[in-house]
Amino acid sequence: MEMSVTMPAAAMAETPERIPGAAFRAAATLHLQRNPHLSRESLARELRERLARRGIGYHLRTLKRQLSGAVATVPPEVEHALRDVIADAGGADAIAAIEQALVEAGLSGESAATTPTYIACERMLPLAQLWLYLHPERSKRALAFRLREELERVGIRLNVDSLQSILAGKQRLVRREIQDALFALLRHAGVTSAADAEARIEAMSREIRGAQEGRAFESARTIHELAKAWKIEHKEPSSRRLAILLKQRLAERGIAIGLPHVQKLVDGRARRVRHAMAKAIESILRGDASSAAIEAPVVKDGQPSGAELDLAWVKAAPIAELARKHVADNPGMTMRKLAIQLSREVEALGYATSPNTIQPILGGHKKKTRGFIYRALLHLDGAAPTRVPTEHVFGAPRDRSTEPPPSVDPPADAETSPRSRLAPKASSPEAAPRKPRPESLGASLSQSPFGAYRAAIQRYQALDRATELELAWRYRREGDHAAANALVESHLQFVVKVASQYRGYGMQLADLVEEGNLGLLEAVRRFEPSRNLRFKTYAIYWIRAYIVDHLLREWSIVGGGTGPLVSRTFFRLRRERAKLEMQLGEGDASIDTLLATRFQTTEDAIRSMSLRVASRDTSLDVRAYHEDGPTLLETLRDPSSDPEHLTASAERDAFVRGVVGRVWKALDPRERLIVEERLLSRDDEVSLADLGRRLGVSRERVRQLEARTKSKLRSAFEAVVREGGEVAEVPPPTMQPEPEIEALCA
């Protein structure tokens, strides 16, 4: 039998594939037994020399670990080198003998011991591309979800992000089970075997390549600019209506896409779009718009054109003020009549709206509206064409060199209205003082200690890769704290950036930055420059770990624990629950079960974490209803003030003391002391050890005396119950220490 089955002679050098090393180690052991003068290290050196002749650099320590079994898998070229060593040492007879031994041990042929554990990612990608070509409506993300389900059936758990990275070709090696899962999915699509898949890939290579080009991402800026030109030419202010039109046109071409995603593309909120989707949308927009509108340059730094101002969002407060003045200056004019008149003027400008839409704007009930309504009010009564004041436009650039034209100042709350996405961000006029924003939205740097800190760290600049490694080596080898400080200072701004991602959890940004800085210090202490990584890549894990741990600890006064499971559940539970509620409906009983399976925990843990995520601690000093109302503490019910409870407690105490009074004379002094100190004491009861020290006996003896005392009292209570009568409260003759008791304790 040829040995090429287990040690393939045709294996290509430097292949990234890895196969189980059982057959390799067995063959090496047999070779060493046939040659007692050889050692494992000498065999490893010979293998390294043979690999070097083929241009493959291999470390001696790695070969020794593979021969000893410390590394479970080996590359095929290492097996090929071992085959050459055996052939040179013993010839064909040695190869045949070792091969026969491998066959008898079950390490030859098509078995799990010889099947590659890891394969090259390039071998699997054509299968994924074929599946995507056969399912054009699916994405790589959807394929990653399907693969995760197939792998979970065989006991392999991989997250979707890792699988999507593999499908994108970003990894060199992949597990063989992923390829098997792909074959299983292709069988559902009608691909019967691996040979059938290879034949289809070869026959449809051009179509598959074209489909992959269509799936490539590109910038969505062109679509945004075309959509803006389309809206200007068609005088359509609503991005929603344009998105609905595009969705219908795309559906006619067989392209399914969600309406929210189309609206993001139109508004410019989406950064990337697939090539095929971009071409389809561009063809629709270019076909509906004239070439002059498409080729018109987009003005970014200069003043917006009149058409852009008509579609832009403007403040509604100045419109309401002008409307009130117009009604006051024209007797008989009402807001309703003015709204009707404005709707006709808007129609004359080429736009469409109704008086019912305009009237709330004139009454001051809206914070923003479109510019063409403002312009229609300025053109009312045949007035000369007037441009909408730029300072009243959300997001329009302003000329700082001149004073803005006099106009009605909008109310303070109008400044908080969302800006238009069709124009650059607005800057405040030079004459108007800028209001400081709260810290959570980026406070003014001079208004708080944290603002001063942010201003101070601006002077530290980021370092290049070579400087980072030099500083890290100086700290690692020489203990140079100045180098460590320089490394920390250059990443302080990066910590603020990472901490800003967790502001939505209700914590102070300054506290998050402090925790992130602690993580940065830990990263500097643990960083190993020999790995040749950027320090930022390594430090971000420690920064996030410290911030996440702080959030988990400070989320509630009542500790809920920390750790990987708690962290993963806490930060993903809300999102995963929302997804399941959309699929199954709110209140479905199986949601907690599915979440427990997904997070690999129990349903009780999921319910506990859900309560923890959904609620925060509330101070009992907070007013319950209004500022002058009671606090939450004052609204709590005090069980001790319940008359029924107080009466029952008093009756019970009277009954107990009455029974104890009846048997008091029958108790000896030690038993009376136990009754007073252990059974009838309203304060913290005395321990058995303390009583034993006072009586001069052991703790066990006091326990026996207490048991005897309780037995006597129990008999007295049972006798009273059998009699069925009430017992008047007969207190013990004295609750002060008796002479006998004092003598016992002396």
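Side chains are part of it too, since the values below use all heavy atoms of this structure and drop only hydrogens, waters and symmetry mates. These numbers were taken from a predicted model, which means no experiment stands behind them.
- Using modelled atom types, no side-chain atom of Q171 and backbone atom of C121 make a donor-acceptor pair closer than 3.5 Å.
- Under a cut-off of 6.0 angstrom, the local environment of CD in E478 is crowded, with over 12 non-hydrogen atoms contributed by other residues, nucleotides or ligands.
- Looking at Q129 and I201, their side chains never come closer than 4.5 Å, going by heavy atoms from C-beta outward.
- Counting heavy atoms from C-beta on, the side chains of E150 and E177 never come closer than 4.5 Å.
- To the nearest 0.5 Å, atoms CG (L143) and CG (L185) are separated by 6.5 Å.
- At a threshold of 4.0 Å, the pair R526-E522 counts as salt-bridged, since one of the basic side-chain nitrogens sits closer than that to a carboxylate oxygen.
- R138 CZ: 12 or fewer foreign heavy atoms inside a 6.0 Å radius.
- A pairwise comparison of heavy atoms in G169 and L125 identifies CA-CD1, 3.9 Å as the closest pair.
- Checking R531 against T537 by side-chain atom types alone, no donor-acceptor pair falls below 3.5 Å.
- The minimum heavy-atom distance linking L520 with V488 is given by the pair CD2-O, 3.5 Å.
- For F527, the ring-ring contact (aromatic ring centres under 6.0 Å, His included) partners are F535, Y538, not counting sequence neighbours.
- Ion pairing of E468 with R465 is absent here, as no side-chain N (NZ or NE/NH1/NH2) approaches a carboxylate O to less than 4.0 Å.
- Proximity of a side-chain donor or acceptor of S68 to a complementary backbone N or O of K64 within less than 3.5 Å is detected.
- Taking each heavy atom of A81 and L51 in turn, the nearest pair found is CB-CD2, 4.0 Å.
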Full working for side chain to side chain contact (heavy atoms under 4.5 Å, CB included) between Q501 and R544: CA-CA 10 Å; Q501 301 172 1; R544 286 176 174 170; 3.8 Å; yes
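- With values rounded to the nearest 0.5 angstrom, W473 atom CH2 is found 5.0 Å from S530 atom OG.
- Separating the CZ atom in R157 from the CZ atom in R148 is a distance of 11.0 Å, to the nearest 0.5 Å.
- Counting heavy atoms from C-beta outward, P260 and R269 have side chains that stay 4.5 Å or more apart.
- Looking at L82 and F24, their side chains come closer than 4.5 Å, going by heavy atoms from C-beta outward.
- L67 approaches A28 most closely through the heavy-atom pair CD2-CB, 3.6 Å.
- The CD1 atom of I547 sits 9.0 Å away from the NE2 atom of H550 when rounded to the nearest 0.5 Å.
- In this structure, R50 pairs ionically with D88, as a charged nitrogen and a carboxylate oxygen lie closer than 4.0 Å.
- In this structure, the side chains of I457 and V495 stay at 4.5 Å or more apart for every pair of heavy atoms.
- Under 4.0 Å is where a charged nitrogen must lie from a carboxylate oxygen, and between E41 and R45 at least one such pair does.
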For L127 and V191, what are the C-alpha separation, side-chain angles and deciding distance, and is it a side chain to side chain contact (heavy atoms under 4.5 Å, CB included)? CA-CA 11 Å; L127 299 176; V191 180; over 6 Å; no
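- You'll find the side chain of I208 stays beyond 4.5 Å of the side chain of L132, heavy atoms only.
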List the steps, then state whether side chain to side chain contact (heavy atoms under 4.5 Å, CB included) holds for K497 with Q493. CA-CA 6 Å; K497 179 180 178 181; Q493 298 184 46; over 6 Å; no
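- Atom CD1 of I223 sits about 8.5 Å away from atom CE of M277, to the nearest 0.5 Å.
- Summarising the geometry, atom CZ belonging to R175 is positioned 12.0 Å from atom OG belonging to S162; distances are rounded to the nearest 0.5 Å.
- Between A484 and V524, the shortest heavy-atom distance links the atoms CB-CG1, 4.0 Å.
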Worked check of side-chain hydrogen bond (donor to acceptor under 3.5 Å, both in side chains) between E515 and Y502: CA-CA 12 Å; E515 294 295 328; Y502 295 90; over 6 Å; no
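- Looking at N485, its side chain does come within 3.5 Å of a backbone N or O of H481 through a donor-acceptor pair.
- Of all heavy-atom pairs between L32 and S39, the closest is CD2-O, 3.8 Å.
- Checked by atom type and distance alone, the side chain of D480 pairs as donor or acceptor with a backbone atom of A482 at under 3.5 Å.
- Between H135 and W131, the ring-plane angle classifies as parallel under the 30° and 60° cut-offs.
- Contact check on R141 versus D161 returns a salt bridge, with a Lys/Arg side-chain nitrogen under 4.0 Å from an Asp/Glu carboxylate oxygen.
- The shortest distance between side-chain heavy atoms of N517 and V513 falls below 4.5 Å.
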Which is it for Y58 and Q66 under the side chain to side chain contact (heavy atoms under 4.5 Å, CB included) test, yes or no, and what are the steps along the way? CA-CA 12 Å; Y58 224 84; Q66 290 171 346; 3.0 Å; yes
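- Under the side-chain contact (heavy atoms from CB on, under 4.5 Å) test applied with I281, the options T222, L250, L226 reduce to a single match, L250.
- The shortest distance between side-chain heavy atoms of L163 and L151 falls below 4.5 Å.
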